[in-house]
Trainee: 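Quick one: structure below, then a few questions.
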Protein chains: 2
Amino acid sequence: MTTTSAPRPRRKPPRRYHHGDLPRALLHEAVRTIQRQGVEGLTLRSVAQALGVSRTAMYRHFVDKSALLAAVAREGFRTLRLELLAARAQLREDPAAMGVAYVRFAVANPSYYRVMFGGLVERCAKDAELEAEASGAFEVLVEALVAQQQAGRLRQDEPRQLARFIWAIVHGIARLAIDGQLQGPDEDAERLTRYALGRVRTGIAAPAPQSVA
Amino acid sequence: MTTTSAPRPRRKPPRRYHHGDLPRALLHEAVRTIQRQGVEGLTLRSVAQALGVSRTAMYRHFVDKSALLAAVAREGFRTLRLELLAARAQLREDPAAMGVAYVRFAVANPSYYRVMFGGLVERCAKDAELEAEASGAFEVLVEALVAQQQAGRLRQDEPRQLARFIWAIVHGIARLAIDGQLQGPDEDAERLTRYALGRVRTGIAAPAPQSVA
DNA sequence: ACCTGAACACCGTTCAAGT
DNA sequence: ACCTGAACACCGTTCAAGT
């Protein structure tokens, strides 16, 4: 009886797990454990163990632990940029779409967000790819604001200053939200975002200035 | 010759360094090393060594490393609250005084700020004193806003929502500033703060709405 | 009451060596 | 080229013991 000694490959031969794509597997597993244990719960040893690989196998692909984290941040900025782009298309129906998308990303991916803004971008400023990915996301906002200016819907202030302003708002809301400094859990973050962007548009000064006697 | 064998005490006898006030000494030394090495550079062993004390002496006064950090955060919130109160007195000459004071505090004490908002407040939510100190600082802002509302200078929106909005803005600016995500170093943060609060007051919508043809 | 010393269970990282 | 195993220099924390 000539039984097939090797197990039938489903699609493409999925054997050789380790040799397959360790860098991607490491990245994926890192995100997974950060998602569950937080950034400071991430341990190279546990990642390696989860992948069934030696503790030092990682060093062939990432020079450092921080290099691995930089890769996580890079992927985070890339995803954020894409979601901002998608939200930009809905800007006509919902003027707050981009801001809401930003905060939603942070709330949905606190682990990504913490790594992205956990003080890595500046400490490892050498990582040019990370730098580029980060400013790429920022540019989406800048361009959207310029378009609004050209449509005559926005003040003609310096676009990048305007963009930093808006970014600071959503960034602040996002951080307060994922750090649990807003009372309610998730829904409040979106309400606050919509409130904030609405107020930013028309101001918070009292509408009817009390005339003097 | 009867020379004084013991050194003359300057004010009160400052001998017995270790026994004196270890808790305060630990706190002070922790802030000092965080200031220089960053939060993740803080090591209990180095703190103890700098104080000439055993590595485990700390555990008599703080249950944890995180308890020591919580004490740092508590002191930070207390200082911030006091500086906000001081700024509130200048609100008439400078409407942005409180916001500027907030961002200045963060930029001047990034180590404090990082510990305060480094995800400690929520993880160790058990620390009631920290919780109280944190919301104390928030209340200063709320009360200032309510006063502005009563003076008829501010929209009659829900004060706490208004406060969360303003907080998010200065928090966002502060974080971007101390994380090096603003191009210039320190001066830009204040400029951005003034710009932001000015725009928040009157809105960013185009001032002269182009009428339709 | 306050502090010490040895010990434990962890880390990230290096490096010679295997295939 | 890719991975392993032992080793190194670190951590926070526990605990019996000293004064």
Side-chain angles (χ1 to χ4, degrees), chain A residues 13-34 36-73 111 114-115 118-120 123-124 126-127, chain B residues 13-34 36-73 111 114-115 118-120 123-124 126-127:
Chain A
R15 61 229 162 87
R16 302 179 317 119
Y17 178 43
H18 310 161
H19 308 156
D21 195 351
L22 228 199
R24 200 172 303 274
L26 284 164
L27 186 57
H28 181 260
E29 186 61 31
V31 170
R32 234 172 68 91
T33 67
I34 293 176
R36 289 179 318 198
Q37 327 239 17
V39 192
E40 60 284 344
L42 177 73
T43 193
L44 294 189
R45 286 159 124 97
S46 77
V47 168
Q49 191 177 6
L51 258 43
V53 110
S54 154
R55 296 202 282 271
T56 57
M58 187 204 85
Y59 289 90
R60 209 43 56 171
H61 310 282
F62 298 95
V63 12
D64 246 345
K65 182 182 185 180
S66 81
L68 179 59
L69 284 174
V72 172
S111 50
R114 285 225 181 79
V115 177
L120 241 158
R123 251 193 298 280
C124 323
K126 38 198 168 189
D127 194 328
Chain B
R15 60 229 162 87
R16 302 181 314 118
Y17 178 44
H18 310 163
H19 307 155
D21 196 350
L22 226 198
R24 200 171 305 274
L26 284 164
L27 186 56
H28 180 259
E29 186 62 31
V31 170
R32 234 172 66 91
T33 67
I34 292 174
R36 287 179 319 197
Q37 327 239 17
V39 193
E40 61 283 347
L42 177 73
T43 192
L44 295 190
R45 286 159 125 99
S46 77
V47 168
Q49 190 177 4
L51 257 41
V53 112
S54 153
R55 295 202 283 268
T56 58
M58 185 205 87
Y59 289 90
R60 210 41 59 169
H61 310 284
F62 298 95
V63 11
D64 246 345
K65 181 183 188 181
S66 81
L68 179 59
L69 284 174
V72 173
S111 50
R114 285 227 181 78
V115 176
L120 240 158
R123 251 194 297 281
C124 325
K126 37 199 168 189
D127 193 329

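Naming: A, B, ... by sequence-line order, numbering from 1 per chain.
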Trainee: Whole angstrom is fine here: how far is it from CD in Gln37(B) over to C1' in dC11(D)?
Mentor: 15 Å
Trainee: For Leu51(A) and dC2(D), give me the distance from atom CG to atom P, rounded to whole Å.
Mentor: 16 Å
Trainee: Suppose we screen for side chain to side chain contact (heavy atoms under 4.5 Å, CB included). Which residues come up paired with Leu27(B), at least two apart in sequence or across chains?
Mentor: Ala71(B), Val72(B), Glu75(B)
Trainee: In which stems does DNA chain C show up, taking only runs of three or more Watson-Crick or G-U wobble pairs whose two distances fall under 3.5 Å?
Mentor: C:4-8 with D:12-16, C:12-16 with D:4-8
Trainee: Applying side chain to side chain contact (heavy atoms under 4.5 Å, CB included), can you list everything that pairs with Ser46(A), at least two apart in sequence or on another chain?
Mentor: Thr43(A)
Trainee: Using every non-hydrogen atom in the two residues, find where Ile34(A) and Ser111(A) come nearest and quote the distance to one decimal.
Mentor: CG2-CB, 3.2 Å
Trainee: Sugar-phosphate means primed atoms, P, OP1 and OP2; the rest is base. With that split, encode nucleotides 13-19 of chain D 5' to 3' as B, S or - using protein heavy atoms under 4.0 Å.
Mentor: BB-----
Trainee: Donor-acceptor pairs under 3.5 Å, side chain of residues 54-62 of chain B to any protein atom, not counting sequence neighbours: which ones?
Mentor:
| from | atom 1 | to | atom 2 | distance (Å) |
| --- | --- | --- | --- | --- |
| Ser54(B) | OG | Thr56(B) | N | 3.2 |
| Ser54(B) | OG | Thr56(B) | OG1 | 3.2 |

Trainee: Please list, chain by chain and in numerical order, all residues satisfying side chain to side chain contact (heavy atoms under 4.5 Å, CB included) with Arg24(A), sequence neighbours excluded.
Mentor: Asp21(A)
Trainee: Measuring from Arg36(B):CZ to Leu42(B):CG, what's the distance to the nearest 0.5 Å?
Mentor: 11.0 Å
Trainee: Over how many whole Å does the gap from Leu42(B) atom CG to dC10(D) atom P extend?
Mentor: 17 Å
Trainee: Could you report the tightest heavy-atom contact between Leu22(A) and Val53(A), atom names first, then the distance?
Mentor: CD1-CG2, 4.4 Å
Trainee: Whole angstrom is fine here: how far is it from CD in Glu40(B) over to P in dC11(C)?
Mentor: 18 Å
Trainee: Is any side-chain nitrogen or oxygen of His61(A) closer than 4.0 Å to OP1 or OP2 of dA1(D)?
Mentor: no
